[in-house]
Amino acid sequence: MFEISQGLIFAVLGAASAAFLGGIGSSIGVGIAGQSAAGVITEDPEKFGKLIVLQALPGTQGIYGFVGAFWVLNMTGLLGGTPLAVTMDQGLEILFACLPVGVGGLLSGIYQGRVSASGCGVVAKRPEAMGNAMILSAMVETYAILGLLATILLLNGITLTP
Amino acid sequence: MPVPKMLKVHIVAHADYKDKVIEKLHDAGLVEVESFIEIPEGLHTEDVDTGDLERRLADLTFGIEFLYRFSEKPNLLESFFLPRYKIERKDYDSAVKEFDFSIIEEAKELDQTLSELKNEETRLKSIIQQLQPWENLGIAVRDFETVRTVTEVGIIPTEAVSEISQVDHVHVEIPLSTERKTWISVTYLKDYSDDMETIFRKLDFQKVSLPGGSEGTPAETIEEARHQIQELQKEREKAEERGAALAEKRMHLMIVYDHYADIKKKHDVRKNFASTEKSFILQGWIKKEDLPVLEKELSFIDEVEISSYEPSDIDDVPVEIENKRAFKPFEVITRIYGLPLYKEIDPTLLLFPFFIVFFGLCLSDFVYGAVLILLSVFALKKIKIGPDAVLLFKVLIVGGAVTMVLGLLTGGWAGDLTMYLPQQLSFLENVRESLTVINLLENPILMLEIALILGLIQVWVGILIRGYMNVRDGYYLDAIFDQGLWLLLLPVGTLTLVNKMFGVDVPAADLMFNLSLGALAGLVLTQGRYQKAKNPVVALGKKAMVGVLSIYNIFGYLGDVLSYSRILALGLATAALASAFNMVAVQFSGAKILGPVIMVVFLILLHLLNIIISSLSAFVHSGRLQFVEYFTKFLEGGGRTFKPFGSRPKYVKIKEED
């Protein structure tokens with residue numbers, strides 16, 4: 001039983017890295033955007049509502065990472081408290097399947113944060129262009145979404161026998 | 001769908017009526033006045049000095065912004081939606097009439113006072129900070145030099161303290177000492193000055209001069225400074241009360257700002273007129289349907305001539321979009337992208353069904369849809385919001401309704417919340433299961449296929465619209481070759497691919513295959529038809545090459561369609577997050593005290609969070625699919641917005657009298 005479940009270690013590593021890599025990406029992204037937003041607020045506190053939305057946009061990578069982690073926990077039965085047997089091969093497969101959402105989220109989060117930060121500058125001068133700033137920022141997020149999709153499709157292809 | 005027709009107008013009138021014409025045009029708000037590119041021969045333009053108005057507006061802006069911090073703040077939601085305050089016409093008029101610019105002077109003076117108070121407070125605080133180590137020193141500053149003695153204060157290394165204490169004829173006080181540094185005062189007879197200087201140098205004694213200008217002991221000075229700070233704070237409170245009192249008039253400032261901005265607009269518009277001695281002419285744009293209204297408005301003048309023209313190709317025609325009431329909210333989405341060009345079409349109706357379905361699929365939750373509708377209705381009824389935000393919430397109401405339907409089909413009820421319901425309500429779980437057609441979490445591949453098919457449909461419709469525009473404009477061959485062939489290739493090619501690569505049975509597979517080949521051949525043969533060269537052989541070669549290269553567009557379309565997979569991914573993220581939240585919240589139900597209460601509170605908070613995040617994503621990404629994948633097929637965009645000359649208030653809106 002013990003030997004057969006060693007794969008679980010890698011599955012957990014996969015879930016953890018999906019969550020923490022995405023989380024780092026979002027933390028940095030939201031951080032960068034927040035600094036710009038704070039700069040705008042010093043001059044113009046009335047724009048707070050708009051800026052907080054722009055700041056929140058690079059936050060989704062962390063959520064996607066969490067969703068990926070949740071998926072792994074769910075399929076390995078870790079959530080229910082009775083983990084399934086995961087072989088070494090399966091464990092490694094799960095680990096690798098988690099990379100798209102993790103690494104994709106890490107990098108896209110940072111760059112989306114930069115675009116959001118520039119977007120804060122747009123809103124400072126032309127508040128009516130809020131929609132444009134949001135769309136520009138969302139362009140970067142596409143690749144985090146595709147990463148999440150790849151991870152889920154990959155995980156879906158791995159079957160664990162109870 | 002079509003962009004409303006515009007006409008170019010010239011209005012000529014006697015110079016005596018200039019002010020009246022401007023007033024009428026301003027009130028009617030129908031004509032966008034444009035400057036002449038070339039002033040007609042013999043006419044001149046007017047120089048208008050608005051320097052005084054600009055100064056007043058700048059003053060008012062200062063006042064409005066300065067008083068913001070003393071006034072009642074709008075809540076977060078309201079600040080997001082830039083409310084315009086609705087006021088009665090009589091209040092507006094009286095505010096303008098009774099306004100006294102001395103309030104600006106008061107605000108400026110108050111600003112000055114506040115910054116002086118702040119500076120003084122900072123200075124005192126820094127004195128306190130510098131004197132803190134000397135607080136225990138018993139010698140007053142006025143006694144630092146007496147007839148025969150001198151007192152030096154300074155910092156020396158702690159290990160040197162014993163040495164300096166042993167010097168004869170010296171009185172030492174140590175108000176503060178740490179492991180490494182000691183704050184020390186040394187009192188000695190003036191006769192020994194030279195000796196002491198040598199000792200000081202030897203022991204690395206750093207002289208300090210105490211700040212504050214006070215003559216008492218440091219403790220007294222600190223006490224005094226603290227007292228002064230208290231006084232300053234009292235003064236500041238008084239100033240802030242004054243500010244709050246002034247801030248009550250902030251609304252008046254806003255009204256007067258809008259009033260003066262209107263006056264300035266009426267002055268500025270004159271710069272565009274061309275005049276002779278006795279008459280003037282202005283040029284502008286008007287919606288074709290509004291022309292009779294304009295003629296009626298100006299009919300009170302005998303000597304006025306309004307002539308109108310269809311726009312020519314070189315004109316930069318401003319664009320307005322108009323939709324039926326029910327679809328008006330969706331103009332918000334079109335406007336985010338920007339308006340179409342005048343010769344193009346208004347895409348609002350064309351994006352509506354796609355946007356709303358994509359939005360619903362990204363959320364796909366029965367409960368979330370219902371909450372979204374409730375929140376939007378609440379916002380429309382209870383929160384002060386600007387006109388754009390009203391439209392936005394109407395979009396969200398329709399989106400919420402679609403989300404509810406799609407939520408039923410995909411089995412999203414706040415994720416899988418029905419699974420955790422108590423016995424009496426467990427029938428809901430059966431209802432959920434029986435209504436579910438596709439479970440996202442269990443069968444994501446099926447949903448992915450649906451998303452991609454929807455994408456293919458939207459891309460196809462986009463090409464179809466372009467084809468329609470070509471037919472409308474009389475470019476029949478372009479419509480057949482550039483759009484018709486792709487319209488054929490996309491569906492039959494997809495079916496052929498699915499058949500050959502995945503072995504799925506499709507009806508009339510051979511026919512599909514042949515049609516695909518035919519369409520491909522047609523593209524190769526026709527796409528180079530505009531290539532030209534002097535040498536016929538070169539020309540033929542160019543045509544062939546461009547024809548073959550056009551096939552690469554397949555990858556462009558493939559990429560477009562794959563981009564729609566985000567619909568599945570966002571739907572999954574919403575559902576998975578909801579399930580995770582349910583699981584977390586249910587953990588609390590076991591707690592001994594208040595377990596169920598905590599669980600319910602957590603459920604509400606977490607799901608509300610998910611609704612906000614997921615709706616934001618759903619809105620932004622559904623929008624993106626319209627702009628990047630759809631509009632690019634048939635729109636160039638970048639039309640200039642039609643901005644008729646008229647009142648466009650920044651802060652206040654006068655209530656319409658019914």
Side-chain angles (χ1 to χ4, degrees), chain A residues 19 22 41 43-54 56-57 59-75 79-81 100-101 123 127-153 155-157, chain B residues 64-65 68-69 73-82 332-338 362 386 388 392 440-445 448 451 562-563 565-570 572-577 579-581 583-584 609-610 612-614 616-617 619-628 641:
Chain A
I41 289 170
E43 288 286 313
D44 198 350
E46 288 183 59
K47 295 219 170 81
F48 180 68
K50 288 194 163 172
L51 293 167
I52 201 167
V53 171
L54 274 182
L57 284 179
T60 32
Q61 278 82 351
I63 293 167
Y64 298 150
F66 174 77
V67 169
F70 177 75
W71 205 278
V72 172
L73 297 183
N74 204 24
M75 73 184 278
L79 278 182
V101 73
V123 171
E128 71 279 4
M130 170 75 183
N132 305 45
M134 276 164 64
I135 296 292
L136 289 180
S137 180
M139 296 300 281
V140 188
E141 193 176 311
T142 301
Y143 305 99
I145 296 178
L146 292 181
L148 172 65
L149 197 64
T151 295
I152 286 175
L153 293 178
L155 288 175
N156 215 44
Chain B
I64 292 166
E65 282 172 8
Y68 174 73
R69 65 171 132 152
K73 306 278 180 295
N75 63 37
L76 181 61
L77 262 178
E78 287 177 0
S79 78
F80 184 59
F81 295 112
L82 287 181
V332 168
I333 298 153
T334 306
R335 284 180 203 279
I336 289 176
Y337 179 77
C362 290
D388 285 351
L392 183 66
L440 281 190
L441 295 174
E442 281 161 19
N443 201 349
I445 304 293
L448 178 64
L562 286 179
S563 175
S565 60
R566 80 185 63 229
I567 296 173
L568 161 72
L570 290 172
L572 272 181
T574 311
L577 212 54
S579 314
F581 285 164
M583 217 172 270
V584 170
L609 180 74
N610 194 12
I612 292 169
I613 297 171
S614 299
L616 181 63
S617 287
F619 190 91
V620 172
H621 285 282
S622 303
R624 175 226 140 100
L625 287 175
Q626 313 306 317
F627 305 150
V628 183
T641 313

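- We find the OH-CG distance between Y64(A) and L577(B) to be 10.5 Å, quoted to the nearest 0.5 Å.
- Within the 4.5 Å cutoff, side-chain heavy atoms of L570(B) are placed close to those of I145(A).
- Heavy-atom minimum distance, T142(A) versus H621(B): N-CE1, 4.5 Å.
- Counting heavy-atom pairs closer than 4.5 Å to chain B, the top residue among T60(A), N132(A), L148(A) is N132(A).
- Of the listed residues G338(B), A575(B), A580(B), the one with more heavy-atom pairs under 4.5 angstrom with chain A than any other is A580(B).
- Residue E65(B) holds its CD atom at 8.5 Å from CD of E43(A), rounded to the nearest 0.5 Å.
- In this structure, the side chains of L448(B) and L149(A) come closer than 4.5 Å at one or more pairs of heavy atoms.
- Considering every non-hydrogen atom in both V620(B) and A138(A), the closest pair reads CG1-CB, 3.1 Å.
- The two atoms that bring G623(B) and I135(A) nearest to each other are C-CD1, 4.5 Å, heavy atoms only.
- The two residues F70(A) and S579(B) come nearest to each other via the heavy atoms CZ-CB, 3.8 Å.
- With a threshold of 4.5 angstrom between heavy atoms, V628(B) approaches chain A through side-chain atoms but not through N, CA, C or O.
- Atom CD1 of I63(A) and atom CG of N610(B) lie 7.5 Å apart (nearest 0.5 Å).
- Of the two parts of S565(B), the backbone and the side chain both hold a non-hydrogen atom closer than 4.5 Å to a non-hydrogen atom of chain A.
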